[in-house]
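Beneath this line is the structure, given in structure tokens, with notes to follow.
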Amino acid sequence: MGKSIHYPFVNFDDPNVIVQNKVIEGLGDGNFAAVFSEIRDHAYLPIYYASFWIDYGISAKDPWIYHGMNLLIHLLNGLLLAVILRRFDCSTWAILGSCAVFLAHPVAIESVVWASGRKDVLSALLMLLAWISWQGSSATKGVSKGLVAAHLFFFLALFAKASVFVFPVLA
């Protein structure tokens with residue numbers, strides 16, 4: 001997947017989502033308000049579009065950072081999956097095998113090497129953080145910081161990719 005850093009933008013969604021999207025060009029010129037008020041491509045995904053501000057701040061619209069950030073988030077997701085599996089008392093081999101399949105599965109790789117696929121890796125990151133926060137709070141009675149964090153991460157994940165609404169059922 002490291003080779004993806006050298007890939008250009010893909011002609012499917014990347015031109016509309018990144019290349020021709022003036023809203024991701026920083027916080028000024030009404031961009032902040034636009035990200036949090038616009039419905040773009042028939043979806044309201046402000047966290048998804050706001051995530052591109054960081055990439056733009058580093059390298060404007062050079063594709064390497066968009067691919068690199070997706071790769072970095074994906075690797076972080078693999079580490080978070082390992083944390084969750086460790087909490088389930090899985091063996092080291094089961095954790096390594098599960099994380100290897102997760103990190104190398106073609107469905108996951110597509111989202112990593114496709115710059116506009118950020119919504120998949122970003123929503124996964126936020127869902128995994130919600131799960132870890134929820135796991136940490138399940139032993140306490142009442143409202144805990146972990147439960148509040150779990151709700152916050154889930155709420156943010158909804159604004160990165162709408163289909164994460166099924167997360168509570170999965171959890």
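Keep in mind that what you see is a predicted model, and the values were worked out from it rather than measured.
- To the nearest 0.5 Å, atoms OG (S59) and CD1 (I54) are separated by 12.0 Å.
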Show, in sequence, the C-alpha distance, side-chain angles and deciding distance for N70 and W114, and conclude whether the side chain to side chain contact (heavy atoms under 4.5 Å, CB included) test is met. CA-CA 8 Å; N70 284 1; W114 175 32; 6.0 Å; no
How far apart are the C-alpha atoms of I47 and K119, what are their side-chain angles, what is the distance that settles it, and do they pass the side chain to side chain contact (heavy atoms under 4.5 Å, CB included) test? CA-CA 9 Å; I47 300 302; K119 67 180 80 166; over 6 Å; no
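- Side-chain N/O atoms of D13 and S116 include no donor and acceptor closer than 3.5 Å.
- For the pair L80 and L129, the minimum side-chain heavy-atom distance is below 4.5 Å.
- In this structure, L126 is a member of the same hydrophobic cluster as V166, with clusters built from ILVMFWY side-chain heavy atoms closer than 4.5 Å.
- Scanning both residues, C99 and G78, for their nearest heavy atoms gives SG-O, 3.5 Å.
- The side-chain heavy atoms of I65 and Y56, taken from C-beta on, include no pair separated by under 4.5 Å.
- Note that CG of L156 is 4.5 Å distant from CG of L152, once rounded to the nearest 0.5 Å.
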Applying side chain to side chain contact (heavy atoms under 4.5 Å, CB included), run through H74 and L103 and close with a yes or a no. CA-CA 7 Å; H74 184 60; L103 290 170; 3.6 Å; yes
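- Rounding to the nearest 0.5 angstrom, the gap separating the CG atom in N21 from the CG atom in D14 is 11.5 Å.
- Of all heavy-atom pairs between K61 and I18, the closest is NZ-O, 3.1 Å.
- The closest donor-acceptor contact from the side chain of R40 to the backbone of N16 lies under 3.5 Å.
- Residues F36 and I39 share a hydrophobic cluster, clusters being chains of Ile/Leu/Val/Met/Phe/Trp/Tyr side chains in contact below 4.5 Å.
- By the 4.5 Å heavy-atom criterion applied to side chains, W134 and F154 are not counted as neighbours.
- Scored by the ring pair (Phe, Tyr, Trp, His ring centres under 6.0 Å) test, F159 finds Y44, F155 as partners (sequence neighbours excluded).
- With hydrophobic clusters built from ILVMFWY side chains whose heavy atoms lie under 4.5 angstrom apart, V10 does not share a cluster with F52.
- R118 and S111 share no side-chain donor-acceptor pair at under 3.5 Å.
- Scanning all heavy atoms of the two residues, the minimum distance from A149 to S133 falls at CB-OG, 3.7 Å.
- By the 4.5 Å heavy-atom criterion applied to side chains, L122 and K161 are not counted as neighbours.
- Taking the six-membered ring for Trp and thresholds of 30 and 60 degrees, F9 and H67 have ring planes inclined between 30 and 60 degrees apart.
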Begin with the C-alpha distance, continue with both residues' side-chain angles, and end with the deciding distance and a verdict on side chain to side chain contact (heavy atoms under 4.5 Å, CB included) for V112 and V121. CA-CA 7 Å; V112 174; V121 293; 4.0 Å; yes
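- Scanning all heavy atoms of the two residues, the minimum distance from A115 to Y66 falls at CB-CB, 3.9 Å.
- One finds the OG atom of S123 at 9.5 Å from the CG atom of L45 (value rounded to the nearest 0.5 Å).
- The same ILVMFWY cluster, assembled from side-chain heavy atoms under 4.5 Å apart, contains both I58 and V19.
- Atom CG of L71 is separated from atom CE of M69 by 11.0 Å, given to the nearest 0.5 angstrom.
- Once rounded to the nearest 0.5 Å, the distance linking CD of E38 with OH of Y49 reads 9.0 Å.
- For L85, the side chain to side chain contact (heavy atoms under 4.5 Å, CB included) partners two or more places apart in sequence, or in a different chain, are L81, C90, I95, S98.
- Considering only residues two or more places apart in sequence or on other chains, I84 meets the side chain to side chain contact (heavy atoms under 4.5 Å, CB included) condition with F88, L128, W131, I132, Q135.
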